[in-house]
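For ligands, and for the atoms within them, numbers begin at 1 and follow the listed sequence. Heads up: numbering here begins at 1 and tracks the sequence. Nothing here was measured: the structure is a model prediction, and the numbers come from that model.
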Amino acid sequence: YLFGKKRATDIAHMVWKHVVQKGDTVIDATCGNGFDALEMLNLVADGSHDGYVYALDIQKDALDKTSLLLEESLNSNEKQLVKLFNICHSKMENVVPRNASVRLVAFNLGYLPGGDKDIITRSETTLLALEAAKRILMPGGLISIVVYVGHPGGREELETVESFAARLCVENWICCKLQMLNRSTAPIPIFLYRR
Ligand code: SAM
């Protein structure tokens, strides 16, 4: 099934399905056009045992796009389960309730497709956000990152993510990446699973 997936985000979604349960709290740390947030909502909500999606983006434009997609795709009850925040993902602890057990924090790095390509995720804040995600993730939870290396700064950001992952303690974390060896600029999904 892995080889039928065309995009790195499809691979990430497939992995999420094996980790996320109905009723979970999850975070979309870069909600962009809203496709990942919609996928997450479908994983956490079933109408009787509903979870929450916290969707963050630094760009108002992205939140408007996510909001529109959710408006078109969800019923009014489902829409209440997605909380949108116009903040940097390094501040995620300011918006997610302290007592929430967070099952998934997902990063889809880079710039907003169809938007301003100068507004991109940056290594420094990505690292702060990964540290925040590590603090709030529950055991049995996942940090999922799709890294893009085709734009300026992308390779540096990949190095930042990889060195963060390499420092996580081996007893508590399983860290892996899926790299296309014959496509040097393909996006790279990275998964950090907390045991
Ligand atoms: N997940 C999105 C989707 O499903 O459509 C795509 C995300 S897009 C590749 C990357 C997003 O990260 C952009 O919308 C950009 O505004 C956002 N971003 C950049 N820096 C950020 C930051 N420090 N905190 C939160 N979001 C950020």
Side-chain angles (χ1 to χ4, degrees), residues 5-17 19-20 26-45 52-74 78-79 81-96 102-136 142-158 160-161 164 177-178 185-191:
K5 304 288 175 204
K6 290 202 179 67
R7 297 175 310 169
T9 47
D10 293 331
I11 291 168
H13 293 177
M14 185 188 74
V15 173
W16 300 354
K17 274 187 197 149
V19 174
V20 176
V26 297
I27 301 175
D28 184 347
T30 53
C31 70
N33 289 316
F35 298 113
D36 291 325
L38 186 59
E39 182 73 19
M40 287 179 185
L41 195 270
N42 288 328
L43 294 177
V44 302
Y52 289 96
V53 178
Y54 288 82
L56 283 43
D57 204 290
I58 205 164
Q59 266 190 90
K60 168 88 172 52
D61 199 24
L63 291 167
D64 291 344
K65 286 183 169 143
T66 294
S67 195
L68 190 64
L69 181 72
L70 300 177
E71 193 66 39
E72 289 166 357
S73 316
L74 302 178
E78 290 167 331
K79 272 183 287 182
L81 305 173
V82 185
K83 313 287 182 195
L84 299 176
F85 296 95
N86 189 189
I87 58 162
C88 174
H89 41 217
S90 60
K91 310 274 185 224
M92 65 178 77
E93 289 158 296
N94 295 357
V95 295
V96 177
V102 177
R103 178 80 69 181
L104 170 69
V105 184
F107 297 82
N108 188 349
L109 300 175
Y111 54 80
L112 177 66
D116 183 346
K117 292 192 176 171
D118 290 332
I119 304 177
I120 57 170
T121 53
R122 310 260 169 203
S123 297
E124 199 177 301
T125 37
T126 299
L127 179 59
L128 292 173
L130 287 170
E131 283 163 354
K134 179 188 168 196
R135 285 192 290 272
I136 62 179
L142 180 75
I143 301 175
S144 165
I145 311 139
V146 175
V147 189
Y148 297 81
V149 292
H151 63 271
R155 295 242 172 236
E156 185 206 352
E157 197 171 31
L158 174 65
T160 300
V161 173
F164 171 82
K177 72 171 174 179
L178 192 66
T185 57
I188 300 172
I190 294 179
F191 302 105

Participant: Checking the side chain of Asp57 only, and the main-chain atoms of Ala29 only, is there a donor and an acceptor separated by less than 3.5 Å?
Facilitator: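 Side chain of Asp57 to backbone of Ala29: no pair is present.
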
Participant: Rounded to the nearest 0.5 Å, how far does NZ of Lys5 lie from CD1 of Ile11?
Facilitator: 8.5 Å

Participant: Starting at CD of Glu39, measure out to CE of Met14 and round the result to the nearest 0.5 Å.
Facilitator: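 Separation between the atoms: 11.5 Å.
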
Participant: For Met92 and Ala132, work out which heavy atoms get closest and say how close.
Facilitator: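 In terms of heavy atoms, the two residues are closest at CG-CB, 3.9 Å.
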
Participant: About how many Å separate CG of Leu56 and CG of Asp28, when rounded to the nearest 0.5 Å?
Facilitator: 8.0 Å

Participant: Work out which heavy atom in Thr66 is nearest to a heavy atom in Gly32; give both atom names and the distance.
Facilitator: OG1-O, 2.8 Å

Participant: Which atoms of ligand 1 have any heavy atom of Phe35 under 4.0 Å away?
Facilitator: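 Going through ligand 1 atom by atom, the ones under 4.0 Å from Phe35 are 3 (C), 4 (O), 5 (O).
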
Participant: Look at atom 7 (C) of ligand 1 and say which protein heavy atom is nearest, naming residue and atom and giving the distance to 0.1 Å.
Facilitator: Thr30 O, 3.2 Å

Participant: Quick check: closest heavy atoms across Val15 and Leu142, and the distance to 0.1 Å?
Facilitator: CG1-CD2, 3.9 Å

Participant: Does an N or O from Tyr148, backbone or side chain, lie closer than 3.5 Å to an N or O of ligand 1?
Facilitator: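 No - when backbone and side-chain N and O of Tyr148 are compared with those of ligand 1, no distance drops under 3.5 Å.
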
Participant: Just heavy atoms, cut-off under 4.0 Å: does Thr9 contact ligand 1 by side chain, backbone, both, or neither?
Facilitator: neither

Participant: Say whether Gln59, considering both its backbone and side-chain N or O atoms, lies within less than 3.5 Å of an N or O atom on ligand 1.
Facilitator: yes

Participant: Under the 3.5 angstrom rule, does the side chain of Thr30 hit a backbone N or O of Phe107 as a donor-acceptor pair?
Facilitator: no

Participant: Could you list which atoms of ligand 1 come closer than 4.0 Å to a heavy atom of Cys88?
Facilitator: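 Counting from 1, the qualifying ligand atoms are 23 (N), 24 (N).
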
Participant: Report yes if some N/O of Tyr111 lies less than 3.5 Å from some N/O of ligand 1; otherwise report no.
Facilitator: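 By distance alone, the answer is no.
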
Participant: Can you sort out which atoms of ligand 1 are near Ile58, meaning under 4.0 Å from one of its heavy atoms?
Facilitator: 16 (O), 18 (N), 19 (C), 20 (N), 21 (C), 22 (C), 23 (N), 24 (N), 25 (C), 26 (N), 27 (C)

Participant: Ignoring hydrogens and angles, tell me if any N or O in the side chain of Asp116 forms a donor-acceptor pair with the backbone of Asp118 under 3.5 Å.
Facilitator: yes

Participant: Tell me, please: is Leu109 in heavy-atom contact with ligand 1, that is, under 4.0 Å?
Facilitator: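 Contact present.
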
Participant: When you measure from atom 3 (C) of ligand 1 to every protein heavy atom, which one gives the shortest distance, and what is it?
Facilitator: Cys31 O, 3.4 Å

Participant: Number the atoms of ligand 1 from 1 as they appear, then name those within less than 4.0 Å of a heavy atom of Gly110, with their elements.
Facilitator: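 Reading through ligand 1 atom by atom, the close ones are 10 (C).
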
Participant: Looking at Val146, Val161, Leu109, which hits side-chain contact (heavy atoms from CB on, under 4.5 Å) with Ile190?
Facilitator: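 For Ile190, the side-chain contact (heavy atoms from CB on, under 4.5 Å) check succeeds only for Val161.
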
Participant: Quick one: does ligand 1 sit under 4.0 Å from the side chain of Ala129, the backbone, both or neither, non-hydrogen atoms only?
Facilitator: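 Under 4.0 Å from ligand 1, Ala129 contributes no heavy atoms.
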
Participant: What atoms of ligand 1 come closer than 4.0 angstrom to any heavy atom of Asp36?
Facilitator: 1 (N), 2 (C), 3 (C), 4 (O)

Participant: Check each atom of ligand 1 against the heavy atoms of Ala29 and keep those under 4.0 Å away; list them by number with element.
Facilitator: 25 (C), 26 (N)

Participant: I want to confirm something. Looking only at heavy atoms, which of Asp57, Thr121, Asn33, Asn108 is nearest to atom 13 (C) of ligand 1?
Facilitator: Asp57

Participant: Just need the protein heavy atom nearest to atom 24 (N) of ligand 1, so name the residue and atom and give the distance.
Facilitator: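 Sorting protein heavy atoms by distance from atom 24 (N) of ligand 1 puts His89 N, 3.0 Å first.
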
